[in-house]
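Structure, as structure tokens:
Residue numbers count from 1 along this sequence. Whatever order the structure lists ligands and atoms in, that order sets their numbers, starting from 1.
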Amino acid sequence: MSDHIDQLFEFLRFPSVSTASEHAGDVRSCAEFLVKKLDSMGLNSQLHETAGHPIVSARNEHKEGRPTVMIYGHYDVQPVDPIELWESPPFEPEIRDGIIWGRGATDNKGQMFAHVLGVEKLLKEEGELPVNLIFVFEGEEEIGSTHLGPFLEANKEEFACDVIAVSDTGMVAEGVPTMGYGLRGIIAAEITVKGPRADLHSGVYGGAVANAATAVAQLVASLHDKEGVIQVEGFYDNVKPLEQWERDMWAEIPGMSDADLLEVSGSSAPFGEKGYSNAERLWARPTAEINGIWGGYQGEGSKTVLPAEAFAKITCRLVPNQEPHEILEKLKAHLEKHCPEGVSVEVEDGHGGKPYFADPHSRYGKAAQAALKSAFGDEPVLIREGGSIPIIQDFKEILGVDTLLLGLALPDCRIHAPNENFPVANFEAGIRLSGELLKQIASV
Ligand code: BES
Ligand code: MN
């Protein structure tokens, strides 16, 4: 195990922050590290150039009559700020109390590297793999996977497969093996509200000229009613209603009570749409979230100003069968319609991604559940995820195959935040899981 940890630490030490151009060289070095590692395992690996960060692929010798399994992961990470809140430096991984601390420990280097080591272990034990394997690791997941879709589209034959496995999601609670069969989609927008030509004295003009900051607050407030139900016209039109089997199944899942949610979030009261459980609110209902709002004076003390401009960043999480571009159009129409008099609103589109849903009881779904049971020693729970991995639905549309979401993250792994961490036990379980998964898939 200590050799496994050493190798993971080497991988974690690359500051492969995909969004920061000053780290482009580190992202590349990280990809090169992977190529070397995969080559050393006897796989045929390649670094594929893109207009952005490289894609790394690797495969064993493919043979007739065996299923082809693609294992996907991402080696890029989120920025580390606010750096001062880290208890140990983000790119100097260490273990404290059986937990690995560092940026990427969970999202996604620790989870994806468990598969690399699981495959290596199986190769050592059995001499060969029971399946045709394709590893695909990208360096742009955290910035929208811009180049992976077109790359696969251009190389469809080479990446044809029967099923895809991904560990880039979560477990509902410690020790509870979890298989995901859905993800929420996403749209992003930034709004700019413009009022008077320039900032004004709030005494001289306040009360007779519209205030851009007040207007942005009114606009943002118009998105929900008091219960949190989204007021954008037609927003829920295509939402696939929850089916009873899912509601019944989710009602039994641990870690989803009000008390659990209040504890993990530090929030003081339950929140959300009436008539839905927490699991349903998080996994099967769409949202509109304000991610940031600003404008006017932000400095120390007070300043009597009537701001000319104000801004907000919004993302909506989408569920089947909402179409990202349709929802964006509806959101824009809502913002135009509710824009207060005396100001104007501009909406700039950001990234987007479709929701994903697959049958958890398919034969590969069952194989994945058997592998989870064997790796963790317990029956897995079946969930949808609240988060988004837009490339998963692209896989379905480009390659025509479903993805098994075998999450290893815990609710308190602090992905995207300071003190990201991954329990050594989950890393070890992931290594066992990967080998088991290939065996189970080979036997269906
Ligand atoms: N691994 C996460 C997604 C995730 C986390 C899914 C936890 C389920 C549970 C992924 O790296 C991520 O952060 N995705 C972004 C996508 C967005 C930027 C397009 C997200 O969900 O915000
Ligand atoms: Mn992420």
Side-chain angles (χ1 to χ4, degrees), residues 16-20 27 53 72-80 90 102-115 137-149 165-173 176 178-190 253 255-256 264-265 278-279 282-284 286-292 313-319 324 327-328 349-358 381-395 403-418 420-422 426 430:
S16 50
V17 182
S18 50
T19 197
V27 177
H53 301 303
Y72 160 88
H74 64 92
Y75 65 88
D76 64 321
V77 298
Q78 286 275 331
V80 298
R103 174 56 88 228
T106 293
D107 185 8
N108 174 238
K109 287 173 170 173
Q111 294 194 69
M112 71 155 265
F113 207 63
H115 285 278
F137 300 132
E138 69 158 317
E140 300 189 317
E141 195 275 344
E142 300 292 3
I143 50 171
S145 300
T146 320
H147 297 101
L148 182 55
V166 176
S167 292
D168 192 22
T169 52
M171 297 170 60
V172 291
V176 182
T178 304
M179 187 181 88
Y181 59 93
L183 291 157
R184 288 198 287 195
I186 190 166
I187 57 157
E190 181 163 333
I253 290 180
M256 303 306 293
V264 75
S265 67
N278 289 319
L282 292 171
W283 303 337
T287 66
E289 294 290 349
I290 311 309
N291 306 117
K313 285 183 192 279
I314 304 176
T315 50
C316 298
R317 296 284 167 172
L318 311 180
V319 300
I327 297 297
L328 191 63
D349 314 358
H351 57 78
K354 291 178 187 166
Y356 176 74
F357 180 88
V381 297
L382 310 182
I383 70 163
R384 296 202 235 160
E385 285 282 358
S388 308
I389 313 177
I391 197 70
I392 303 294
Q393 177 62 19
D394 294 344
F395 287 157
T403 297
L404 307 162
L405 299 164
L406 309 171
L408 300 170
L410 293 186
D412 59 358
C413 279
R414 306 194 202 166
I415 59 175
H416 294 202
E420 181 175 350
N421 64 89
F422 192 42
N426 288 38

Relative to atom 14 (N) of ligand 1, which among Ala409, Ser388, Gly407, Gly350 owns the nearest non-hydrogen atom? Ser388
Rounded to the nearest 0.5 Å, what's the gap from OG on Ser16 to CG on Asp76? Could you check? 6.5 Å
N, O or S of His416 under 2.8 Å from the Mn ion (ligand 2): yes
In this structure, OH of Tyr181 is separated from CZ of Arg384 (nearest 0.5 Å) by 5.5 Å
Determine whether the side chain, the backbone, both or neither of Arg317 has a heavy atom under 4.0 Å from any heavy atom of ligand 1. side chain
Of all the heavy atoms in Arg184, does at least one lie under 4.0 Å from an atom in ligand 1? no
With heavy-atom distances below 4.0 Å as the criterion, list the atoms of ligand 1 near His351. 19 (C)
Should Gln78 be listed as contacting ligand 1, given a heavy-atom distance under 4.0 Å as the test? no
Considering only protein heavy atoms, which is closest to atom 11 (O) of ligand 1, and at what distance to one decimal place? Glu141 OE1, 2.8 Å
Taking 2.8 Å as the cut-off, does Asp107 contribute an N, O or S atom near the Mn ion (ligand 2), distance below it? yes
Is there any N or O on Glu385 that sits under 3.5 Å from an N or O of ligand 1? no
Pick, from Ile391, Asn108, Asp168, the option with the minimum heavy-atom distance to atom 4 (C) of ligand 1. Asp168
Heavy-atom proximity to atom 7 (C) of ligand 1 ranks first, among Leu405, Val77, Ile415, for Ile415
So, taking the atom named OG1 in Thr403 and the one named CD1 in Ile389, what distance separates them when rounded to the nearest 0.5 Å? 9.0 Å
Glu138 CD to Ile143 CD1 distance, which is reported to the nearest 0.5 Å: 8.5 Å
The reported gap from CD1 in Ile383 to CE in Met179 (rounded to nearest 0.5 angstrom) is 10.0 Å
Would His416 count as being in polar contact with ligand 1, using the rule that some N or O on each side must be under 3.5 angstrom apart? yes
Regarding Glu142, does it place an N, O or S atom less than 2.8 Å from the Mn ion (ligand 2)? yes
Can you check whether Gly104's main-chain N or O pairs, donor with acceptor, with Thr106's side chain at less than 3.5 Å? no
